[in-house]
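Report on the following structure.
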Amino acid sequence: MSKRQRIVVILVVGLVVGWAVYSIWSPFEPRYHGRRISSWLEDYPRYKQQDWREAEAAIRSFGTNGIPYIFKHIRKGDPFWRNAHARLWLRSPVWLKKTLGRPTFRNTFDIAYAPEAFALIGPVSIPPLIEALKDDHPKVRTAALLVLGGFGPEANTALPTLNDLLADAHSQPSLASMIRSTIRRIDPESVAKSAPE
């Protein structure tokens, strides 16, 4: 066996071993009907159009095990190149728009689907949502605020965290307004209702 063949064999064996180790040690991703949760979330709107009962059954089946994947998907967003293409296309003259082609956007799970997904998971998702209020990513915090408000009085354990967030959000009027709205939906009689806007 020549030196070049040995190098190729070593590389191939290394790749196979690396893939096997990754498969064994990577966290188990929940599945429904053989499809991973990341696949369900990636094409969620399309699956809902095909059979909304099946799409909702998938989210319900993942339960609280699916919550980290939902937040990961919300964080992901569109890649930089897709956003740059869309911005360039919007600002371009007609001749350049024809050359660039119309931008395409992912038909994927986003913040708008969060309230329905967490409603399917149920009130057991409230503790992870309270933790998500402290997340560094603004989309995750926004999703948590929307969802907690949707649970209404069932989410009253979130009130202390929401009031702390409201106290820290004085320099961000839009965030403060969203927090107040969430607090009111959970507890209409809350003292936050009388707080200055």
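In this chain, residues are counted from 1 in sequence order.
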Using a 3.5 Å cut-off and no angle test, enumerate the donor-acceptor pairs between side-chain atoms of residues 166-174 and protein atoms at least two apart in sequence or in another chain.
none

> Less than 4.0 Å between a side-chain N and a carboxylate O, is that true for Glu116 and Lys48?
Replying inline: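 Glu116 and Lys48: salt-bridged.
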
Spacing of [atom1] belonging to [X] relative to [atom2] belonging to [Y], to within rounding of 0.5 Å:
{"X": "Ile74", "Y": "Lys72", "atom1": "CD1", "atom2": "NZ", "answer": "13.5 Å"}
{"X": "Gln5", "Y": "Lys3", "atom1": "CD", "atom2": "NZ", "answer": "13.5 Å"}
{"X": "Ile183", "Y": "Asn163", "atom1": "CD1", "atom2": "CG", "answer": "4.5 Å"}
{"X": "His33", "Y": "Ser39", "atom1": "NE2", "atom2": "OG", "answer": "13.0 Å"}
{"X": "Asn156", "Y": "Leu148", "atom1": "CG", "atom2": "CG", "answer": "11.0 Å"}
{"X": "Ile7", "Y": "Ser2", "atom1": "CD1", "atom2": "OG", "answer": "8.5 Å"}

Can you give me the closest heavy-atom contact between [X] and [Y], atom names plus distance?
{"X": "Thr142", "Y": "Met178", "answer": "CG2-CE, 3.7 Å"}
{"X": "Ala158", "Y": "Ile186", "answer": "CB-CD1, 4.5 Å"}
{"X": "Lys139", "Y": "Ile111", "answer": "O-CD1, 3.5 Å"}
{"X": "Ile59", "Y": "Leu41", "answer": "CD1-CD2, 4.0 Å"}
{"X": "Gly66", "Y": "Ile37", "answer": "CA-CD1, 3.4 Å"}
{"X": "Thr182", "Y": "Gly149", "answer": "CG2-N, 3.7 Å"}

>> Assess the residue pair Tyr113 and Tyr44 against the criterion (ring pair (Phe, Tyr, Trp, His ring centres under 6.0 Å)); give the C-alpha distance rounded to whole Å, side-chain angles, the decisive distance to 0.1 Å, and a yes or no.
In response: CA-CA 9 Å; Tyr113 293 105; Tyr44 186 72; 5.2 Å; yes

If we only count heavy atoms from C-beta on, is the [X] to [Y] side-chain gap below 4.5 Å?
{"X": "Leu175", "Y": "Leu165", "answer": "no"}
{"X": "Val147", "Y": "Ile126", "answer": "no"}
{"X": "Glu131", "Y": "Pro128", "answer": "no"}
{"X": "Pro30", "Y": "Trp40", "answer": "no"}
{"X": "Asp135", "Y": "Arg75", "answer": "yes"}
{"X": "Leu129", "Y": "Phe151", "answer": "yes"}
{"X": "Leu133", "Y": "Leu162", "answer": "yes"}
{"X": "Ile70", "Y": "Ile121", "answer": "yes"}

>> Can a donor-acceptor pair be found, under 3.5 Å and without considering hydrogens, that links the side chain of Ser181 to the backbone of Ser177?
In response: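 Checked: no pair found.
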
> After noting the C-alpha distance and the side-chain angles of Arg36 and Ser38, does the key distance pass the side chain to side chain donor-acceptor pair (under 3.5 Å) rule?
Replying inline: CA-CA 5 Å; Arg36 294 174 296 125; Ser38 57; 3.1 Å; yes

> Which pairs, with at least one residue in residues 117-140 and sequence neighbours excluded, count as a ring-ring contact (aromatic ring centres under 6.0 Å, His included)?
Replying inline: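 For residues 117-140: Phe71-Phe118.
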
> Who are the side-chain contact (heavy atoms from CB on, under 4.5 Å) partners of Val8, not counting sequence neighbours?
Replying inline: Val12

